[in-house]
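Step one of this worksheet: look at the structure below.
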Amino acid sequence: MENRHLGEQIVFGPFCLSPGERLLTKDREPVPIGGRSLDLLVALTERPGQVLSKRELMKRVWSDVVVEDGSLRFHMAGLRKLLGDGEDGARYIATQVGVGYAFVAPTERVDPAGDMPAVPSSPSIADVIETGVAANSTNLPPRLSNLVGRERDIRLLKEQADRARLFTIVGPAGVGKTSLAIEIAHQAAAEFGGSIAFVDFSMLENPAIVPSMIVGAMGLTVEGEDALAVILGHVRGRRFLLVLDNCEHVMEPTATMVERIMDEAPGIRILATSRETLRVRGEHVHRLDPLGYPEDPDTLAVKEILTFPAVELFCERAAAADSALDVDEKAIRLIAGMCRRLDGMALPIELAAVRAATHGIAATARQLGERFSLGWLGRRTAQRRQQTLQATLDWSYDLLSDLERIVFERLSIFVGPFSIDAALDIASDEAIGLDDVAVALDELISKSLVNANRSSGAGMYRLLEMTRAYAREKLRARGADHYTAAAARHASFYLRELEAVAGQDEQALEDSEPLRLQLGNIRHALDWSFGKDGDRKVGVRLAAASAPVFLNLSHLIECQTWCKRAMAEIEGAPRELELELQGALGIALMFTRGNGTAAGDALDRALDLATGLEDRWNQLRMLARLHIFHKRLGNYAIAQAHAVRAVEVATQIGNDEALSVAFSLSGISRYLAGNLVRARQELELAMEKSGPSLRSRTIRYGFDNRSRTGIALAYTLWLLGEPEAAGRLARQTVREAAQLQHGITHCIALVWSLVIHLWMNDFTAAEEALAVFTESAESNALDPYIAAASGFRGELAFQREGTSAALDAIAESLAGLRSARYELLIAPLTITLAWDLLLTSRLQEARALIEAAVSRCEAIGELFVMPELLRIKAEIAYRLDGDAAASETLLREAITLAREQGAVAWERKSSANLAALTSTHAS
């Protein structure tokens, strides 16, 4: 592209295209558009009215890879849909068959610097930092009541960040980067509509978890393997502010993630803090200097000294710690001297201020001069930032009592927030009692070495990352036995906490936030247990106890990882532990890696263990998981056998929830086999016995039973010839599933509601459901559902445009489903594609497709679609061969089979075709 395009805008209809900014807006609002589609639009609008050949477009848009014509057709169809081509007479792109495409709408090129105002893009950091309105729905930490001395930094950010999508605040530890980032994010909240996530990497030890940390901060779940896909699915095409704090120890994975997100999500703005730059494309850097302090306070008047931010901060923090603190002229000069010695660093200043409130300003100034001098000398032989921080923390550490030092060091074993109970348990031993720990903890809080957050009422505490790292080195310096003892107590505490979770009622598990906050500690306990000096037996128990937590939070990859680690050490462990591990491993593998043999083997082993232990509830859990596993594979006979056994087990349990699960499995198997009347009876019984939809129950089964039952019943009602009842129940089920915020459950409800809407020709409802389905599938990185979404999108495009590109999209979707070994949606999409092929007179393709579908359904027992397949086969026989007799025979066979199944919907369609056929030949 020529340089003149960088600042140019192309206006057509309600749209404005800014090639240089890679931005498309409609009525001044950003339009979500993929990178390839945007490249196509830019290429077409550069030469309006001219036909660009397919080869030229493919070379332009896919310069880095070799693709087939189908990719161009697919993206061109998506671009037309996005522009609304053909709606209300609007025409933008014309096709010259066999040659290429041309942009046919009138265009106007606009210079944003001219008279016409430019169409606004998504806000930059600078656009929004003055709004001053906090978000109510974000995870932003509380802002400081007064961010001292940073007015100039905020102003500079505004002046310099007009074009910045990524801004990194860089500076030494303790300078105040995080506080500034939090303040900016709070001020930006209103303009981003609360779409803000704050990611604190300080609680992260394993760099490989960077994507999962971002997903968790966004409040999302990961039920597929690719956490990055979840992030992109959530932020692509929308305004979003992502704040990444403390990036310095995870630089490489963070930089990689940031570049990818920036490339694919044009509406996102990223604000990062780090001790060094990320060094990625498009990064703007703001180097945060220390607070200003007087170089020579003796030459200044007190009034002048008080204008320096470092002095203001010291005085404010000291007054907050002791409102009666007397600050006279002498004290002001001492404070100014301390600020100079502390190099204007915010954290050391705050520590000194708290100390001054306790011991007096003069004493603190004296101690600072005596104890901090070694720190200043050390700066000549070590990195300045590290040495300054080391000196600050050494000084703070030296001021602690022996008891406070020990407690401080032991608290460093925590990663992230911890409760008072956890602190008392880990920091106490035979020599240090609980009361001693409680007193020491209060002192550590007052000296700002431990942060207290009581805003939630839970009384949670944490050490800053730099403070924790310092304290942990001190703990290790005491000897390996001291560190091992603290780590062992830490692991044992969280083992007890996790095992207690299993005994909690369902309501206690509905709120996932308390569990999410403890992930850092759970991971650390697992890491230590399976590490060099850890306790493998504790590790096995921890993995089994943490598996439900990882499943509840949809961290399926981690669940899989720890279950495998534990299985390697399982020898001699109770069978109950192996049962939990195998069951969790199976479901995690199923949803992250597909329906492979490893997932099936794990679930089979779990069922064998539950049977041997005569544990009926776990037998039911594993049968439910195995049922969905084999149903997804198309092994309907095996799935039905599991359903029969589930009914037997549930009857022995005699509980309504158990019976609801079992009859749901049985009802689903019956409708697949074409026994619709019995399916309706069992599914209605399952709904009657089911309690309300609860997110906590997804831990047991991997899905919400009520939602799955409801959508299966809706589908059955449609087949039975009750479309209105089916539509109502489908919409109700989707609403209930959405409230659970569980990706798998939501997608199960949406995908079958989509089939119902399409077969009812309710394309408006289908469009709405598809938009939500696509977002949910992409946000949770669920590849089979993403493949299905492209097929439904193709069908809706065909209904609008009737193009071959739409049919190609359906065919590609079917190929994707087969690749993922997800057979369940093959038949509905095959029927859809076959009718579309008939409408475009591609009769031979339709025949081959239907013949293969009939053979497949007969082989696997998917009989509920056979009447419709026979109807399509009859249509092909008549139109392709002119064989009215064969067509009539097939239609009568379809009607007979539909009646046997109770499939009134299929019977009506075949009867209408038969009536038309006989009427034609009778005349």
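Numbering starts at 1 and runs along the sequence shown.
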side-chain hydrogen bond (donor to acceptor under 3.5 Å, both in side chains) evaluation trace for Glu795 with Thr832: CA-CA 7 Å; Glu795 170 58 13; Thr832 294; 5.2 Å; no

Sidechain-backbone polar pair: Arg616 side chain, Gln652 backbone, donor-acceptor under 3.5 Å: no

Side-chain touch His75/Trp62, heavy atoms, less than 4.5 angstrom: yes

Tyr671: partners by ring-ring contact (aromatic ring centres under 6.0 Å, His included), with sequence neighbours left out: Tyr715, Phe864

Main-chain N/O of Val647 paired to Thr651 side chain as donor or acceptor, under 3.5 Å: yes

Separation of Ser693 OG from Leu740 CG (nearest 0.5 Å): 5.0 Å

Rounded distance [0.5 Å steps], CG in Leu713 versus CG in Leu717: 4.5 Å

Donor-acceptor pair, side chain of Ser790 and main chain of Ala787, under 3.5 angstrom: yes

pair Leu817-Leu824: side-chain heavy atoms closer than 4.5 Å: no

Arg708 side-chain N/O to Ile748 backbone N/O, donor-acceptor pair under 3.5 Å: no

Audit row: Gln681, Arg670, side-chain contact (heavy atoms from CB on, under 4.5 Å) steps and yes/no: CA-CA 10 Å; Gln681 294 172 350; Arg670 291 190 190 281; over 6 Å; no

Within-4.5 Å side-chain heavy-atom neighbours: Leu40 and Leu72: yes

Side-chain (Asn635) to main-chain (Ile638) donor-acceptor, under 3.5 angstrom: no

Carboxylate-amine/guanidinium proximity below 4.0 Å for Arg80 and Glu801: no

Salt bridge flag under 4.0 Å for residues Arg871 and Glu875: no

Atom pair CZ/CZ of Arg818 and Arg821 - distance to nearest 0.5 Å: 14.5 Å

Glu893/Lys873 ion pair, N-O < 4.0 Å: no

pair Leu796-Lys81: side-chain heavy atoms closer than 4.5 Å: no

Euclidean distance, Asp608 CG relative to Gln582 CD, rounded to 0.5 Å: 10.0 Å

Side-chain heavy-atom pair Leu814, Leu825 within 4.5 angstrom cut-off: no

Audit row: Val734, Trp752, side-chain contact (heavy atoms from CB on, under 4.5 Å) steps and yes/no: CA-CA 10 Å; Val734 168; Trp752 293 108; over 6 Å; no

Counterpart residues, side chain to side chain donor-acceptor pair (under 3.5 Å), relative to Arg731 (two or more places apart): none

Non-neighbouring partners of Tyr636 that pass ring-ring contact (aromatic ring centres under 6.0 Å, His included), sequence neighbours left out: none

Ion pair Arg856/Glu862, N-O distance below 4.0 Å: yes

Verdict with reasoning, Glu657 to Trp617, per side-chain hydrogen bond (donor to acceptor under 3.5 Å, both in side chains): CA-CA 10 Å; Glu657 181 189 336; Trp617 269 112; over 6 Å; no

Under 3.5 Å donor-acceptor, Ser664 side chain and Ser660 backbone: no

Thr716 (side chain) donor-acceptor with Ala712 (main chain) under 3.5 angstrom: yes

Carboxylate-amine/guanidinium proximity below 4.0 Å for Glu767 and Arg800: yes

Taking every non-hydrogen atom, the tightest pair across Leu729 and Gly710: CD2-O, 3.5 Å

Nearest-0.5 Å distance that lies between atom CD1 in Ile628 and atom CG in Leu633: 11.5 Å

